[in-house]
**Student:** 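I am attaching a structure below and will ask some questions about it afterwards.
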Amino acid sequence: MNNTKTINKTKLLSKKLEKYFPINYSLTQSPPLIRVRNIMSESQFHNDNGYLVGVISKPISNIF
Amino acid sequence: MSSQYFKLFSTCIPVKGQSESLICDIEYGQIFPIPNLLFEILKSNKTKNIEQLKDAYNGKLDKGIDAYFNLFAEKNLGFYTDTPEEFPDLNLKWQSPYKIRNAVIEIENLENYSISNTLTQLNDLGCEGIQIRILTTIDLDALLAEFECVVGSRIKYIEIFLPFNADTPFEKLIKWRNFDPRITKIIQYNALEEKVIEYKENYYKDVFFLTKKSLSSTSKEQYSLDRFAFNIDTFAEAQKHNIGLNRKISIDSFGNIKNYLTHKSTFGNINDTLISNVINLTEFKKDWNTNNTKIEKCNQCQFRFSCVSNVEIIKKNRKHYKLEECNFNPLTNQWN
Amino acid sequence: MIFIFSQPHDTSTNLVIDWLYYYDQKTIRINSYSEFFHHFGTVKIENNKNNSLGNLTKKISIWYRRRGVLAAPFPTNKIDQSLIYQFGENLRSELKILFEYTFEKINKNAVAILGSEKGSRLNKLRVLDIAQSIGLNIPKTLITNRKTAIIEFLQSEKSIITKAISEATFIVDKKSNKHAFYTQNISKKKTTELDDEIFPSLLQQEIKKEFEIRTYYINGKCYSMAIFSQQSAQTATDFRVYDTVNRNRNIPYQLPKEIERQLKKLMTRLQLKEGSIDLIKTKDNKIVFLEVNPSGQFGMVSRPCNYHLEEKIAKYLSHE
């Protein structure tokens, strides 16, 4: 994922929020609100008339 | 203000992990990592308004609660309301009219078994997605003839892996893509570079990919954040089913029927066994309902309702384990 | 036996048929004029006969999903261009009588019917009137051709909108640009620009909404969804103008039981077994009824709320 900018910004945000919680509950290093690859939009196909015919909702296998 | 309730939208569902929790936004496919303490707070806010929530933590978390709820509202993950009872939880009941949902088909040549017959059977069973793994350089035109039954079928998605061959003219691949829009991805492995081939004419997205990676029957499952599926269908299925193996069937290059190519057990050969008979075998379906909540390590992981893995499941002392472990550690929350 | 009148590429029809197939229900989908006549092409009317249609069995179910069937492809190449319109009109009126008779016979055989062969149009004004008589809140509505009446209405209601009396549709100009008739705000400035007498238009007080509610009703049951759309100004008046930045939230919603009872009463009065109902939850916690769309898009409620409505429709058609 190439959202370094978001990561930096949200890390800052995490740091800010962290101070409101007890010290032993550290917030994650990963950025809040991560947009994940959308298999549904990747797999959808349209027929010749432009109609959306179908989508699958998950990868069949994750070999690559 | 504080007699109000805060509610996450019911499609934004908190999932607890061993060291970190997650809000899974299964409407828009995004995630929001949260500390486990916040998970507990969000769990109890179903019955408590904001004031009562803060009281429950003796006022020690007032600022944190306010900051997080405001952030969630701002990020469009939740909202303040006086009438929380109007917003029921999302019903996570899963059901599907497709007796088989996806299939992996390995092809070495056109002789070992009938590909067109296999595809026809899969279509009859409602199979939505098919992964075709071609292991050798074979006659692409002759293979295409086997796909006649795909046109106008119930099949929704086909991805094709084939070995890169410098002698194969690109036109031959275009012919595949033009054959039917269900052929959505054509991936050439063992290539010299990683590349998406720009060829969009009439299409809605990229279809042709090159990759240096290699492929075999023993190719292992990969795990990373961007492979997880965060959507309602998968999340609901994962509540009671194994989202890798449930309603999946695989055919190896010899026509052997398996749950997945890397698994040891076979359930007859496609040359003399009907898929519709195989999927009625209790033994074939034995792990369809072994969801991640029932598997050691996975049951501690915050990604358990979105991680699609086809790895074989083994049973030891009445506990389920995956034959191969993944590269995420839910105890430390670290990727290896 | 189940007959589905639809059109090609209708995803919701596909999904319902997937379920019918799963439950081993014999289903015939009719997408076009020629498919219709393939099944119901020969009608015999004779003396002393119970003139039922061909080979229809007693137990059939029908789903009138879409009206694609009636769009007959008229021959255009063989006739004088100047006669095309009149010729078309003539063929249409021939077909109208035939369809009327055939559908009457088909319906007589049916044990379950969803939708109507007459299509999905309701008289919205009549629906509003019935709704208020049942006790549902409706927006104050004015249909007028007079500028002065509109100005007065705006003054008393502060904020008003205009929308179609019939259906929100669009027209296509010579350059293939689509011009849609969306629900729109009427500003004070706009009212002053009007002629004294205008084409009769529907005006409604603008309801300040907390969120919209879309309810899919089938056979006495309500499946509701809240649409939080006021996150940005763009989607404030009509959520069909899609907003890609601040996306709508679609979540399951439970209507108060009293409202559900009233909606059931309304649908019964309108003789509808299914339909999509638009409502608004106002800022001051009221639920306001807007309209009913028979044969509405239930997919957009079913999917985000995981209601599996396609399966419920299949079950209804299999009369279970």
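Within every chain, numbering begins at 1; the chains are lettered A, B, ... in the order of the sequence lines, protein sequences first and strands thereafter.
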**Student:** With a 4.5 angstrom heavy-atom cut-off, which part of Y57(B) approaches chain A: side chain, backbone, both or neither?
**Tutor:**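 Contact with chain A involves no heavy atom of Y57(B) at all.
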**Student:** Looking at CZ of R227(B) and OG of S61(A), how far apart are the two atoms once the value is rounded to the nearest 0.5 Å?
**Tutor:** 9.5 Å
**Student:** When heavy-atom pairs shorter than 4.5 Å are enumerated against chain A, which of L261(B), L215(B), V104(B), I23(B) gives the highest number?
**Tutor:**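 Most heavy-atom pairs under 4.5 Å with chain A: L215(B).
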**Student:** Using ring centroids (six-membered ring only for Trp), state whether F64(A) and F209(B) fall under 6.0 Å.
**Tutor:**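 So the answer is no for these two rings.
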**Student:** Measure the spacing between CD1 of I60(A) and OH of Y157(B) and express it to the nearest 0.5 Å.
**Tutor:**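 Going from the CD1 atom of I60(A) to the OH atom of Y157(B) covers 6.0 Å.
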**Student:** Starting at CD1 of I56(A), measure out to CZ of R101(B) and round the result to the nearest 0.5 Å.
**Tutor:**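 One gets 9.0 Å once the value is rounded to the nearest 0.5 Å.
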**Student:** Between E159(B), R154(B), K220(B), which has the largest tally of heavy atom pairs under 4.5 Å with chain A?
**Tutor:**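 Looking at each option in turn, the highest pair count goes to K220(B).
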**Student:** Please round to the nearest 0.5 Å and tell me the distance separating atom CD1 of I26(B) and atom OG of S57(A).
**Tutor:** 11.5 Å
**Student:** Taking side chain as everything from C-beta outward and backbone as N, CA, C, O, which of these in I183(B) sits under 4.5 Å from a heavy atom of chain A? Side chain, backbone, both or neither.
**Tutor:** neither
**Student:** Roughly how far apart are N310(B) CG and N62(A) CG, rounded to 0.5 Å?
**Tutor:** 8.0 Å
**Student:** Between Y260(B) and chain A, which part of the residue has a heavy atom less than 4.5 Å away: side chain, backbone, both or neither?
**Tutor:** side chain
**Student:** Given that the side chain runs from C-beta out, which part of T211(B) has a heavy atom under 4.5 Å from chain A: side chain, backbone, both or neither?
**Tutor:**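 Looking at T211(B), just its side chain touches chain A.
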**Student:** Looking at every heavy atom in both Q131(B) and I63(A), which two are closest together, and how far apart are they?
**Tutor:** OE1-CD1, 4.3 Å
**Student:** Write down the atom of P59(A), the atom of V308(B), and the distance for their closest heavy-atom approach.
**Tutor:** O-CG1, 3.5 Å
**Student:** What pair of heavy atoms forms the shortest contact from K58(A) to N102(B), and how long is it?
**Tutor:** CE-ND2, 3.8 Å
**Student:** Which bit of S214(B) comes within less than 4.5 Å of chain A, counting heavy atoms only: side chain, backbone, both or neither?
**Tutor:** backbone
